[in-house]
Amino acid sequence: MTLQLGVIGTGAIGQDHIRRCSQTLLGSRVVAVTDINLEQAARVVSELGLDAEVYADGHALIKAAHVQALLVTSWGPSHEAFVLAAIAAGKPVFCEKPLAVTAEGCRRIVEAEIAHGRRLVQVGFMRPYDAGYQALKAVIDSGRIGEPLMLHCAHRNPRVGENYQTDMAITDTLIHELDVLRWLLADDYVSVQVLFPRTTRNAHARLRDPQIVLLETARGTRIDVEVFVNCQYGYDIQCEVVGESGIARLPEPSQVQLRSEATLSTAILMDWKDRFIAAYDVELQAFIDGVRAGQVGGPSAWDGFAAAVAADACIQAQQSGAIVPVSLPERPGFYA
Ligand code: NAI
Ligand code: ISE
């Protein structure tokens, strides 16, 4: 059976996911799309040569009988309502990060999914599907560097648009680290703090950039994450794990090393689309395969909630400058 997908949001990542489901991955077909920009949705259908209907809004698309599963790739603040509607319709849903923009919103999704009785939600946290992060986790889990004591991480984007505000460094950008580092360490956060170094002249007037986020886990591992979204030079993701007897680093994406004009150089990628291209393919193929097999897996609504609880604490910490506790409730057995 070919899985019939409906896509809500035909912006940057929506178009990317539609393209990969239609041209790269196996087992699915995009049969319905929508966007508040209906012209754009129609253009995407025509440019990609899809045999898909354009719906006036996301809720009508979710209800459409021939739509068997959803991809929610619209703006973050719209995710919660669409995911809740998908659960109410009993349809599996892949939702881009963030699952919802607040922990409260994520909790409502968790409760709705538990009430439904089986998993329907996969969150678009793609880093656990990245081969580099998987290799790093394998080293940590093997015990070769002993217990992880400290992590030094960086999440750098070349630049962001005028609509990117100071809190989005947390809800839109750091949220990836909040998820992947929990997964990497199999640990949860207990406190956070946010520091603001001198702001770059390349940030617009309302954005404080860069930021340093300090996280402490339940086992006492200390993590610093530099979030710098106007670094100019590239899209650069770094993660170094300092263990008791060694250090493990996230591998650089494979790029040709060039010796030319008396210089040894390696290109740095400029775009998240290229940096995690394989991981996006693998996460979505996993969703398609999971739905077809009747078993949605991967990053769960609980993972989306856990990241959002830490993100909420980071937003408070941005405002207060204080160390803010993170209190994650006990994980329900449903998500064991
Ligand atoms: P975008 O701004 O390019 O596209 C978002 C689209 O959603 C726009 O076309 C907009 O008109 C549409 N939209 C907004 N509200 C809507 C609604 N109520 N109903 C239907 N359409 C609506 O943004 P982008 O970069 O594609 O991001 C979309 C989501 O994907 C965000 O949540 C973002 O955080 C996430 N994302 C995830 C990435 C990842 O690495 N996993 C990378 C980039 C984005
Ligand atoms: C964007 O939405 C993403 O998810 C990218 O992976 C991240 O690097 C960027 O900062 C976000 O704005």
Side-chain angles (χ1 to χ4, degrees), residues 8-9 58-59 62 69-128 165 167-183 185-192 194 213 215-218 283 287 290 295-320 323-336:
I8 303 175
H59 293 283
I62 290 167
L70 287 313
L71 304 187
V72 175
T73 49
S74 48
W75 291 328
S78 65
H79 292 179
E80 180 189 346
F82 292 137
V83 173
L84 287 173
I87 295 171
K91 296 189 181 180
V93 52
F94 173 93
C95 178
E96 261 310 332
K97 42 64 58 172
L99 177 59
V101 285
T102 61
E104 218 14 61
C106 293
R107 196 183 49 76
R108 284 189 282 271
I109 292 173
V110 161
E111 285 171 357
E113 191 177 42
I114 292 175
H116 175 77
R118 69 185 173 91
R119 267 197 65 183
L120 290 175
V121 181
Q122 180 177 330
V123 182
F125 285 132
M126 74 296 182
R127 291 196 191 177
Q165 310 283 332
D167 60 340
M168 288 172 70
I170 307 296
T171 55
D172 205 53
T173 299
L174 179 81
I175 197 86
H176 284 294
E177 271 75 18
L178 292 176
D179 176 67
V180 79
L181 302 180
R182 262 182 87 235
W183 169 83
L185 298 173
D187 205 351
D188 279 309
Y189 309 115
V190 293
S191 78
V192 302
V194 179
V213 181
L215 306 162
E216 180 190 9
T217 73
E283 69 166 354
F287 176 70
Q295 208 163 20
V296 175
S300 66
W302 182 260
D303 295 318
F305 171 66
V309 168
D312 279 5
C314 289
I315 302 284
Q316 272 186 48
Q318 277 185 330
Q319 289 156 4
S320 66
I323 298 173
V324 176
V326 179
S327 24
L328 183 66
E330 204 178 318
R331 183 196 294 254
F334 182 87
Y335 293 106

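To the nearest 0.5 Å, atoms CD1 (Ile114) and CZ (Phe334) are separated by 6.0 Å. The structure places CD1 of Ile87 at 11.5 Å from CZ of Arg118, a figure rounded to the nearest 0.5 Å. In this structure, Leu181 CG and Asp188 CG are separated by 12.0 Å, a value rounded to the nearest 0.5 Å. We find the CE-CD distance between Met126 and Glu96 to be 7.5 Å, quoted to the nearest 0.5 Å. Considering CG of Leu174 and CG of Leu215, their distance stands at 6.5 Å, rounded to 0.5 Å. Once rounded to the nearest 0.5 Å, the distance linking OG of Ser300 with CG of Leu99 reads 9.0 Å.
The minimum heavy-atom distance between Val192 and Cys314, with the atom names listed, is CG2-N, 3.7 Å. Of all heavy-atom pairs between Ala103 and Ala308, the closest is CA-CB, 3.7 Å. In this structure, Ala313 and Pro325 approach most closely via the heavy-atom pair CB-O, 4.0 Å. For the residue pair Ala81 and His59, the shortest heavy atom distance occurs at O-CE1, 3.8 Å. In plain terms, the two heavy atoms of Asp312 and Val101 that are nearest each other are OD1-O, 4.3 Å. Closest approach of Asp179 and Pro128 over heavy atoms only: OD2-CG, 3.8 Å.
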Run the side chain to side chain contact (heavy atoms under 4.5 Å, CB included) check on Trp302 and Glu113 step by step: do they pass? CA-CA 10 Å; Trp302 182 260; Glu113 191 177 42; over 6 Å; no
Pair Val296, Phe94 - check side chain to side chain contact (heavy atoms under 4.5 Å, CB included), show working. CA-CA 9 Å; Val296 175; Phe94 173 93; over 6 Å; no
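You'll find the side chain of Lys97 stays beyond 4.5 Å of the side chain of His79, heavy atoms only. Taking the side chain as every heavy atom from C-beta outward, Val326 and Val309 approach each other to under 4.5 Å. In this structure, the side chains of Pro299 and Trp183 stay at 4.5 Å or more apart for every pair of heavy atoms. Put simply, the side chain of Ile8 reaches to within 4.5 Å of the side chain of Ile62, judged on heavy atoms.
With sequence neighbours left out, the ring pair (Phe, Tyr, Trp, His ring centres under 6.0 Å) criterion links Tyr189 to no other residue. In this structure, Arg119 has no side chain to side chain donor-acceptor pair (under 3.5 Å) partners at least two apart in sequence or on a different chain.
Residue pairs meeting the salt bridge (charged side-chain N to carboxylate O under 4.0 Å, His left out) criterion with at least one member in residues 295-311, sequence neighbours excluded: Arg182-Asp303.
Atom CD of Gln165 has more than 12 neighbouring heavy atoms from other residues, nucleotides or ligands inside a 6.0 Å radius.
Ion pairing between Arg108 and Glu111 fails under the 4.0 Å rule for side-chain N and carboxylate O.
The aromatic rings of His176 and Phe125 sit perpendicular to each other, their planes meeting at more than 60°, with 30° as the lower class boundary.
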